[in-house]
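Atoms within a ligand are numbered from 1 in the order they appear, just like the ligands themselves. All values below were derived from every heavy atom in this structure, side-chain atoms included, with hydrogens, water molecules and symmetry-related copies excluded.
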Amino acid sequence: MPYKHFEEYNIKVTDDVKTRYENIIKDLGEDANREGLVKTPERAAKAIQFLTQGYHQDPVEILKGAMFAESYNEMVIVKDIELYSLCEHHILPFFGKAHIAYIPNGQIVGLSKLPRIVDVFARRLQVQERLTEQILDCINDTLKPQGVAVVIEASHMCMMMRGVQKQNSVTTTSGFRGQFEKIETRNEFLKLIGK
Ligand SMILES: [Zn+2]
C-alpha cells in the first residue's frame, strides 16, 4: 500500500470523554442505549479530539520546517483558506475563510504551511478575534517578514442556531503588521482579496 492514512486516539482520554458524553445524552432525556446512539459517545469523543488537535501541534515548528532563503520581495497572498473552528463560549462551530498575505524579508515559506497553521490555531476552543491575532503573530515572529496581514470572515453557529438567530451574518476580523500598517499596502491587499 503506497499511502496509508490513519487516526490515533488516546485511549484514556477517549474513554473519559465517552463516559461524559453518555451522561450528557442521558441528562438530555435520551435513551443512551438506543441502537442509533450506542456508539455515539465514542464517536463524539473522537470527533471532539480531532476538532481540538491543535493543542498538541506546534505552528512554529510547522513554519520553520519549510522556510527558504529567497530574494522575492513582493506580496504573497493565499486567499480563501477554508477554516473550521469551535467557539469557546458555546463549543459550537464557526466556519468561513481566512486570507493571509505577507511580504518576504529574505525568506519565504512553503505555501501549504499557511493553511496548516490556520488549522493548528482553529482546531482549539477559540474566539475569532484571538484566532486572527495568533495566526498573525505566529507568522510575524517566526518568518519575520516585512509585513503580514490576516483577514477572517466567519459564520458562527452560536449566532445562527441559537441566541439572536441571525442566519446570514458574517463576522470579519483583521490584523496587520509591518508594511501592511501603511494604508496603500493594506488597500492593495484588500483589493486583491476582493474586499
Ligand atoms: Zn459562541
Query raised in the report: Got a donor-acceptor contact below 3.5 angstrom from the Arg123 side chain to the Asp119 backbone?
Result: no
Query raised in the report: Close to the Zn ion (ligand 1), meaning under 2.8 Å, how many protein N, O or S atoms are there?
Result: 3
Query raised in the report: Is Glu82 reaching over with its side chain to a backbone N or O of Gly96, donor-acceptor style, under 3.5 angstrom?
Result: no
Query raised in the report: Counting heavy atoms not belonging to Glu7, are there more than 12 under 6.0 Å from its CD?
Result: yes
Query raised in the report: What residues join Val170 in its hydrophobic cluster, counting side-chain heavy atom gaps under 4.5 Å, either direct or through other members?
Result: none
Query raised in the report: Do you see a donor-acceptor pair shorter than 3.5 Å between the side chains of Gln128 and Thr173?
Result: yes
Report task. Decide, yes or no, whether a salt bridge links Glu88 with Arg130 under the criterion of side-chain N to carboxylate O below 4.0 Å. Result -> yes
